[in-house]
Each structure stands twice: as C-alpha cells, then as structure tokens.
Chemist: 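Just passing along the structure, written as structure tokens.
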Amino acid sequence: MASGTTFALQAVPAHTDGPASAAQVALLASEAAVQKRTADLEARFGDPWDTANPLGHGPILAADAKGRLQAAAEDLLDDFRLNAEFVPAALGGRLVRADTLARILRPVFRRDQSLGVGYGVFSLLAGASVWAGGSAEQQRWAADLLLGGGRLAVSYRELAHGNAFLRDEFRLTQGGKGLVLNGTKRVIINADRAQGLVVVCRSSDEPGSQAHSTLLLDRGRLPAGRVKDLAPYPMVGMRGCRMTGLAFDDCPVPADGLLGAVGGGVELALKSFAFTRSVLPAMVLAGGDTALRTALRFAEQRGVGGRPLPRNPQARRTLAGAFTDLLICDSLSLAAMRAAGHHRGITGVYAAATKYLLPILLNDAVHELSVLLGSSIYVRDGEFGIFQKHVRDLPVTSLGHAGAAAALSTISPQLPALARRCWQPAGAGDTGDPSLFALRQDQPALAFSRLETSPDSDVLCAELLAAAGFLEEHPDLEFTAVLQPLVRLLTAELRRLRAACTTLAPLSRHCLANPQTYALADRYTLLLAAAACLGVWRHQQGGPDVFLARSGWLVSALLRICTRLGIGPLPAGAPAPEAQVFAELLRRHHQPSSFDLYDSPLAAAG
Amino acid sequence: MSTAVAAAAVLPAPSALAVLSEPVLVTPAGPWDTVRRELAEHASVVLYARLGDWLPESRPQEQDSAADAEADSALAPLLGRDFERYRGMTNQDVRARFLASRLLLKYAAGAVLEARPADIDLAYKPGGRPYLRGCDQVDISLSHTADLLVVGVTRRGWIGVDAELESRRLEGSAVERQICTPHETELISRIEQRRRNSTLVRLWTLKEAYSKAIGQGLRFRFTEFGFAPGARRMQVLRPDGTPGAGDEWSFRTWTVAGDYTVSVALFDFGFGDTADIAAQTMLDEGMVDALLREARRAENHRRTTG
C-alpha cells in the first residue's frame, strides 16, 4: 500500500488477543485440541434425533420450509466464535490447517448444509483470497471483521459454462476520477449481510489469463445509490442460505481496494482454489453422513422391501457401499488438504479433483440410499424427513456443471505434463509421501501466499505405484488375493491414461477442449481417489485406527472405483470385506460416531 | 439492464416440459441441427430411432471372417470401452440392440456437444445408468423396446426416458400388482375398462422414466411412489396419493411411431440455463491460459537448468 493514501477500509474494532506464537499455533491444530473443539461444537448442538432438541432435525426442517436459517443455530455459532476458525492464527484466529478446519465444521454440515454455507463458509472462501493475495492492511481488516462477528461475501467471475452463480460478470474500468465498478450478479451468498466484499471482475477486454482483477470492498464505505441488493434467488436446495445478488452502477472503487495486482484475478483465484476446492467438499461430505445414518435407521426399524436388515444382503450391500463412498471421499480430500500444508506443487490439481469427484460420489451414494427409504424419501418432517433435505442440498453446494467445468479447467491443461514426467515408476521421483495420509498427525501451518498451482511431482500416483509394490511384498496381509489384482487393474489403467495423455497436444487450449480430454481428467480423478485410499490404508498399518488399517474397506473402495472406471475383470470374493465394512458401520451407528475417516464421537441423547 | 430482466433470464421456467416438443426421429444422418435447436430452445429433447437405421448393413452369412474383422476394426474406436462387452455378446438380437443404442447415444452426444462421436466416453454408474464421462453439462437416458430406440438429453439436470409397446398386456398380469400404489389401483378401477391397459402402460413408463432419472432403474420399487393417471399436471405422489417430490420434477408422455408409449421425467437443479453446452467452450479461457503459461515456464526452466 502506497504511503500517504488513506486506507479505504474503515477500521473494525479488533476482537483478537493478537497473533499466536509458533507454540500456540501448533497447539491450536494439535489432535487433542481439534478433538476438543469438534466435541465442544457437537455437544452444543446436541443430539439431532432428539425430538425435544430445539436444534434437532425437526426445527431444522421447519426453518428450511420457511427458507430461513435457525436463529438459535446462528447464535450458537456466534457464541462458539466459529468465524475465528476462518482466520489464520497469525492474524489472531484459529485457522492453522485445512484438514483440521474441515473436521471442525463437520458437526455443522452433518446437521444442516445451509447453515454451514449460509452462516459462514463463504466468509472462509472469500477470506482465502485475502489471506493469499491481500496486503498486510487488507488482511488485518478482514481478520478483524471476521473476528468481530462480521461476514465476507465473494463473487467469483464468469466461467466459460457458467450458471446463475457464476455467469454474470462485473466490470472494472478506469474512469475520470479513478476506478469504477459496473455490473450485476444474481447469486452471491450473503451479499446483503456481508460488510466485506471480495469481487472478481473483468478489468480488460483482452482474452487470456490477465483480464481479471480482484477487489476487497468495505460495503459501508461504498456510496449509497451506487450499489444495490437484488432479490433472493429461489433454489431447490439450500433454501436457508441468503442467496441475493448485487448491482453496481458506476460505483467508485478506491485505488487501494485492489486485492493484488491489476490483471492478477485469475492467478489469485487459482491460488485460493488450491485451498477452497478441497476444504469445502470435505465439509459437505458430512451431509452424506446424515443421509446414510437416516437410511440405516430406517432400514433397522422397518426393514427394506419387507425384509429385516439382518436377512437383507442387498440392503446391507447398499449401506456398506455408501459408507465406503464416504471413506473414499474423505481419503481424497484428506490427501488434497494435507498437500496444501506441505506446499506441494500439485495441490491445485488435487483440490480440483476433490471438487470434481466428491459431488459425483456423494450424489450417487444418496440416490442409491433412497431405494432403501422407498416412499419415505418424500417425507419432509418426522424422523426421516432430514434425508430429502440432504438430497436436495448436495447438488447445490457443488454448483452443478459450472463447478465441474471449472475443476476440469484446472486438471486438463496439466495432464500432458503430468503424464510425461510423473506417471511411471522410474519418473515418479519418490515413493509417495506418508504425511499426506497421516490423518491425526501434526503438520506445518498453512501459508496461503505459498499455495502452489504448478505441479512438479504427483505423490498420489507415486503412492499407487508404491502400494502395488507393498502388496506384492506382503502377500500375507488380509484379503491380499483380492487386493493384488485390483491394484494391478489400477496400475494398468494409469499406464493407459499415461499413453493417452502423452499424445494430447500440450500447451493449447483448443486442442485440449474436447470430451476425450475431459473423460481422461475424470479417469485421473478416480485413480487419485484410489491412490488416496491405498495411502490411508498403507500408512495406518500398526496405527491406532484399527478399522482403517484392516483391508475390508479398501477392497470395497477399490472395487467401487474400478466399477466406475469400467475396468475389469473384477476379482470375485468381496462378501467378507463387505461384511467387515457393514459391521463397522453398525458399530459406529450404535456408538454413535462419525461415518468418515475419524470415527469421531457424536452427541447422543443424554 | 433492469433487475427484472436479469432475473427472468436465469429463473428456471416452472413448466419446462410443458413446452417440450414432440420426440424427434433421427438416423445417423440427423437431423442434428434440429436436435441442437430443440435443446437450445427447450433445454431438453427426446429422440427416437428405428433399430434398423442404426445397424451396419447386414452381411450375408457366407461372408468371411475377414469382413467381420474389418467391421470390428471400424467399431472398436467408436464403441470404446463398450467394444469388449459387445464382442462378448452371443445373442444376436441383444448384440444388435446394444450396438444400435450405443451408436445412437454417441451420435446424439457428439451432436449436442459438437464433438466427434468417437471422442465421447460413454460410461456407466455403478447402478448401470449411462452418462457422458467428464461432460456433465448434459445428462442422457436410454430406452429400447422391440424395434424402437429412445434417447433423452437435457442440459437442466437429470433425465429419464422409457418406451413400451402400447399394446403390451399389463392389465390382469402379475406385473400389474407390482406397478400400482393403492391410490393408483383405486383411480384405475374408476376409469372405463377399454382405457385401463393403456393407462397402466403409461404409468409403467412414467415410473421407469422417473427411477431411471434418479439412477435406480427397477431397484426403486414401483409401489413406493405413484402418479395420478389423468391429472393435468403429472407429479410424483406418495402411495396414499399425497404429494411426494416437488416442482423440480416434471413429466410428459407421448405416443411415438404409432405403437409406442414414451415417457420422460426431468429433474431441474434450478441453476438456470446454460445454453452453451459445446465441448469446445467448456474450459475456462483465463484459467487454462494461466496454467498453460505456467507449464511453459516450468518446461523452459527445466530445459535450461537440466
């Protein structure tokens, strides 16, 4: 910031005890501290199945029907100071790592995805741009705003195949007296109640990657009459979220309202996406937990198709399959989030893969579960009414095709170089990175300014190859007779992918823009998911997470991934692994504990 | 631009299917422009085809295996990963229908995405539902019965289509009990005898279309949800006749090619219209250019230092 200019953001009262020391930072993200904060939030919300709980499923559904968030739930999150989780510890908040942040938000997303998104996750997404590209003053202002209970909203720019969330574009031009902002955007979450606005706008008519800039605006300092809120946008899901829009009409923008350099909008977005694209799906998958729990509860009480669960192998298979899908999702997002902390060059690719694949797996899983509930999927209240809410909310959090297209835009251009340099035993460069899968282990604090978008190695594909070797060397492990052929199928698929991607004409958008490339990118994300599962399993051997160290879930996960890849022939002999997964699912259901990698205790009726 | 205009441009039309045009008859030669136009205007389109139009010209029995191999070498790149499955099929009827329906799906997808049919990766969900891998800007659904192939394409959400011979005997069959909810049985008992069977066929196709749209095929039991035969606006009902799914679902039924009942079910995500679905414009220019520039820089760096 040039000296002598007045900083345009009005000071917000600081609610901070000052930046944390290195020791305090380490403590904030320690396994014990994360478990404590997660348990605290879980306990404050209480048992959602308890019909007397004012924050339970019944009141959540009632608020959703009215298109509102529950005021009491927002108060609870205020009281918990959830916003502090979105602010880096160096700025006085509690944000240290992506993976621990996602875990802390899961109690919120398990109950109500609208609450998670509508209360504040978009403050986090907006904040990521500020932490990654803002000046010290901008970071201080945004941190103080969030720590004081305020909100940030973010408006991303138009993408090639945008939708109502992304389509309209703001324009920044140089007027006589300085920068001027124009344009309308129909859907911006929390636009009407956020004091801080992160706005990505077109700042040049030139094609290419330097035509956009990012602004950080203080809503309170914008001249009245130059910015207008638009009416709420009606949605099928996430009805409780405030989805309003903004219209700027020749709105003057202070010169120091720029976040980063003019023309740096795309680069900054890619940097912040390397964080947001893995952390948000990692929270959203907790909605799948509730959908599965509801289906299981239903099947236990009423049976499926007239047959009780213990005598219904088809229903058990469906339930175990959905649990497996949640574990696949969590494994991939874990690797992506921990790659961010290690400043791996490939972080942006893994985050995009997470953003692409998780919505697909979660949507398919809840639809498979819907078969178990039968006509009860239409119930919008009572014990099972929460199921249809999660089914409706899931597609919205993923932005549909626009979200997938944006993720593929990040993966596709990198495929040729990854194929040539990384996807072979000799060229992998390393044997994977155990720290990516160490779900409870400490990790350096995430430095947003160092988020990487240029891959130098592909540790997940290296893990796939290393795990194949590991299995050959340990033929005595559980279910190896099934695991070995499955992993051979996957490594063969990686070879095919490599052959196909090396022939893609590199370095040209027009040559890449082809369904064949997108299909290869889709296959690559499935291989990454398989590699992540293998990594979690392999590096949990001898560790405290006994279920993850056993092979049942891994067999189930790899079978499901191979089916999606359409590769085979698949080895027979899955009933025993499946029974292991189902037994664990039942144990966690009755405990109760979470259907993810962490097996976290859930609030039960006292 | 006024707000009202902007809003109208993105709000999903409440009765998208009410204006959906009649199914379009297609052969490998098209008319693909019509298909693209229908999809642009109505967000969804239903295509139908004659089996014979989509089979490679039949060869006399005595032709040698060299000709077979030649035909196979042309089909292999077009069928992609389905080729192995196709080659393993022994029943000639099943084989022909499999081939024709895959070709139809690939041509239709290629036409709407403006890409070569061979570049389309036709994939299957774990439950068997076909989809276009990596191209979720459109959803597809396939049905075939006797001589008819039907494909649904939408750019709004999920689609399911189903076709049955109108003359198929359902009334009084064992199937009838598995199709109807108590509410439907009650409604059907009230309509005149001669219309009962066609009403059942219509119900059956609606139910198939709906369960295909949610990716469950016959796994979702047909007695768990229903419709009100004869209602002006079709909607999913619970077994007792009370409302089930909401307005995000719409349905339509036609008589096609004289003998067939064809139904379509459509789920609208509510994201509004993305009229442009071409594969060429799918990648974001700014993002891809930034990454390609970075890749070039890294490559040059490696060359100069390596």
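The sequence lines fix the lettering, A, B, ..., with proteins before strands; numbering per chain opens at 1. Everything quoted here is computed from the prediction, not taken from an experiment.
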Chemist: Tell me, do F170(A) and L246(A) make a side-chain contact under 4.5 Å, heavy atoms counted?
Modeler: yes
Chemist: Pick whichever of S412(A), G348(A), G305(A) has the most heavy-atom pairs under 4.5 Å with chain B.
Modeler: G305(A)
Chemist: I'd like to verify something: which residue of Q516(A), R380(A), E267(A), Q414(A) has the highest number of heavy-atom pairs under 4.5 Å with chain B?
Modeler: Q516(A)
Chemist: Which one of G157(B), A118(B), A245(B), G127(B) has the most heavy-atom pairs closer than 4.5 Å to chain A?
Modeler: A245(B)
Chemist: About how many Å separate CZ of R564(A) and CD1 of I328(A), when rounded to the nearest 0.5 Å?
Modeler: 7.5 Å
Chemist: What I'd like to find out is whether the side chain of L237(B) reaches to under 4.5 Å of the side chain of Q235(B), using heavy atoms alone.
Modeler: yes
Chemist: Looking at F251(B) versus F227(B), is the centre-to-centre ring distance below 6.0 Å?
Modeler: yes
Chemist: Given the options E224(B), R133(B), R297(B), which has more heavy-atom pairs under 4.5 Å with chain A than any of the others?
Modeler: R133(B)
Chemist: If you count heavy-atom pairs under 4.5 Å between each of T563(A), T525(A), T410(A) and chain B, which one has the most?
Modeler: T410(A)
Chemist: For chain A, find which of P126(B), A115(B), P239(B) contributes the most heavy-atom pairs closer than 4.5 angstrom.
Modeler: P126(B)
Chemist: Regarding K355(A) and the six-membered ring of F273(A), is the cationic atom NZ or CZ under 6.0 Å from the ring centre and inside 45° of its axis?
Modeler: no
Chemist: Please identify each residue that fulfils salt bridge (Lys or Arg N to Asp or Glu O under 4.0 Å) with K106(B), with sequence neighbours left out.
Modeler: none
Chemist: Once you round to the nearest 0.5 Å, how far does CZ of F225(B) lie from CD of E184(B)?
Modeler: 8.5 Å
Chemist: Between L526(A) and chain B, with a heavy-atom cut-off of 4.5 Å, which part of the residue counts as in contact: side chain, backbone, both or neither?
Modeler: side chain
Chemist: For the atom pair OG (S375(A)) and CZ (F220(B)), what is the distance rounded to the nearest 0.5 Å?
Modeler: 7.5 Å
Chemist: Would you mind checking which part of R293(B) comes under 4.5 Å of any heavy atom in chain A, side chain (CB onward), backbone (N, CA, C, O), both or neither?
Modeler: side chain
Chemist: Give, as side chain, backbone, both or neither, the part of Q210(A) having an atom under 4.5 angstrom from any heavy atom of chain B.
Modeler: side chain
Chemist: Show your working on salt bridge (charged side-chain N to carboxylate O under 4.0 Å, His left out) between D364(A) and R129(B) and close with a plain yes or no.
Modeler: CA-CA 11 Å; D364(A) 289 352; R129(B) 184 196 211 288; over 6 Å; no
Chemist: Which one, T517(A), L565(A), L520(A), T318(A), leads in non-hydrogen pairs under 4.5 Å with chain B?
Modeler: L565(A)
Chemist: For the candidates D82(B), I214(B), D240(B), which exhibits the highest count of non-hydrogen atom pairs separated by less than 4.5 Å from chain A?
Modeler: I214(B)
Chemist: What part of A123(B) gets within 4.5 angstrom of chain A, counting heavy atoms only: side chain, backbone, both, or neither?
Modeler: neither
Chemist: Taking side chain as everything from C-beta outward and backbone as N, CA, C, O, which of these in I377(A) sits under 4.5 Å from a heavy atom of chain B? Side chain, backbone, both or neither.
Modeler: side chain
Chemist: Select one option (side chain, backbone, both, neither) describing which atoms of F222(B) are under 4.5 Å from chain A's heavy atoms.
Modeler: neither
